[in-house]
There are 2 protein chains.
Amino acid sequence: MISEKLSAPECTKHLMAVRDALDVINGKWKIQIIIALWEGNTRFKDIERRIPKITARMLSKELKDLECHQLVKRTVYDTLPVSVEYTATPHAQTLYPVIEELKKWGNLHRKKILEKQQVPELA
Amino acid sequence: MISEKLSAPECTKHLMAVRDALDVINGKWKIQIIIALWEGNTRFKDIERRIPKITARMLSKELKDLECHQLVKRTVYDTLPVSVEYTATPHAQTLYPVIEELKKWGNLHRKKILEKQQVPELA
DNA sequence: GTTACTGCTATACTATAGTATACCCACATA
DNA sequence: TATGTGGGTATACTATAGTATAGCAGTAAC
């Protein structure tokens with residue numbers, strides 16, 4: 001179904017793109033963080049509180065990763081004490097359809113798995 | 001942009017669905033394996049040869065995972081010696097749009113990242 | 001002066017993913 | 001008898017992701 005149109009090198013290229021995407025959104029926290037930002041949580045502690053069980057260490061690391069991938073912008077305000085604002089970039093917005101597809105498929109898959117677990121003592 | 005329509009528990013539910021999806025397709029090999037099956041590679045050694053650098057150990061483990069998630073069907077034929085056929089299930093087909101979105105976004109993201117790396121000595 | 005909040009970092013650990021290498025059985029071929 | 005193929009498993013390792021806990025600097029509130 002894919003191979004009909006693609007040569008092997010082309011196919012490898014597509015696989016690389018999929019890998020690239022997964023590498024960026026992979027892990028337990030990245031999508032949660034992006035969504036938290038979309039919800040309007042912009043301060044470090046706000047995000048930390050919004051996402052259950054995340055540690056400061058992970059949040060810090062993941063924010064840096066996301067910034068590096070240009071999905072998050074970090075702005076430091078020269079207040080006393082300094083306040084730091086994290087915002088999702090326009091580029092992060094382009095992830096929306098991906099997340100939607102993942103969400104849809106996650107729900108579909110859950111139903112599929114549960115469906116088989118039912119009807120155990122039918123026959 | 002998401003929060004406007006969703007209460008916190010609803011949002012958590014959606015996050016769970018995304019997590020479920022990522023848990024299934026996550027890792028270096030699963031999508032590659034599914035695509036190899038779509039391409040018509042059905043025998044263990046065929047798949048192993050089709051996917052560069054995968055080891056028998058990983059292939060074996062990943063095929064079991066995928067079977068457990070009902071994305072792959074394993075059929076043993078009573079030949080001498082036994083031959084084993086792996087096929088993608090119809091349920092695996094439902095992953096197609098997800099993979100497409102990941103591919104599209106992977107390409108978009110690559111362009112985005114490269115775009116910034118250019119123009120270093122413009123000004 | 002003590003407590004608490006913000007925005008982190010450091011250290012040490014566990015758990016999971018992935019790699020490398022060798023090996024197994026049953027059969028076929030030379 | 002040796003070598004190769006199909007379909008794997010066993011053992012041991014490394015690397016990365018994630019957890020747990022503590023602490024620090026600056027400020028502010030009581």
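Because the structure is predicted, anything quoted here is derived from the model rather than measured. Within every chain, numbering begins at 1; the chains are lettered A, B, ... in the order of the sequence lines, protein sequences first and strands thereafter.
The distance from atom NZ of B/Lys64 to atom P of C/dG18 is 16 Å, rounded to the nearest whole Å. The distance from atom CG of A/Leu59 to atom P of C/dG7 is 11 Å, rounded to the nearest whole Å. Distance B/Phe44 CZ to D/dT5 C1': 13 Å, rounded to the nearest Å. Protein atom CD1 of B/Ile33 is 13 Å distant from nucleotide atom C1' of C/dA17, rounded to whole Å. At whole-Å resolution of the value, OH in B/Tyr77 and P in C/dC27 are 20 Å apart. Spacing between atom CG of A/Asn26 and atom P of D/dT16 amounts to 14 Å, rounded to whole angstrom units. Between B/Ile51 atom CD1 and C/dG18 atom P there is a gap of 13 Å when expressed in whole angstrom units. The separation between A/Lys61 atom NZ and D/dG18 atom C1' is 8 Å, rounded to whole Å.
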Side chain to side chain contact (heavy atoms under 4.5 Å, CB included) between B/Lys28 and B/Met58, intermediate numbers included: CA-CA 10 Å; B/Lys28 196 170 174 180; B/Met58 284 309 289; over 6 Å; no

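Below the 3.5 angstrom threshold, one finds no donor paired with an acceptor across the side chain of A/Arg57 and the base of C/dT9. The base of C/dG18 is not paired with the side chain of B/Lys28 by any donor and acceptor separated by under 3.5 Å.
With DNA chain D read from its 5' end, the first of the two nearest nucleotides for A/Glu62 and A/Pro81 is the one closest to A/Glu62.
Among the nucleotides D/dT19, C/dG18, C/dG7, the one closest to any side-chain atom of A/Arg43 is C/dG7. Of the candidate nucleotides D/dG6, C/dT9, C/dC8, C/dC8 has the atom lying nearest to any side-chain atom of A/Val84. Of the candidate nucleotides D/dT9, D/dG6, D/dT19, D/dT19 has the atom lying nearest to any side-chain atom of A/Met58.
At a threshold of 4.0 Å, the pair A/Glu48-A/Lys45 counts as salt-bridged, since one of the basic side-chain nitrogens sits closer than that to a carboxylate oxygen.
Here the closest heavy-atom approach between residue B/Thr75 and residue B/Lys73 is recorded as OG1-NZ, 3.8 Å.
Look at B/Tyr86 and you'll find a side-chain N or O under 4.0 angstrom from OP1 or OP2 of D/dG8. The shortest distance between the side-chain N/O atoms of A/Thr55 and the OP1/OP2 oxygens of D/dT19 is not below 4.0 Å. Remark: B/Arg49 is not in phosphate contact with D/dG7, judged by side-chain N or O atoms under 4.0 Å from OP1 or OP2.
A 4.5 Å side-chain heavy-atom check between B/Ile33 and B/Tyr86 finds every atom pair outside the cut-off. Using a 4.5 Å heavy-atom threshold, the side chains of B/Ile34 and B/Ile25 count as separate.
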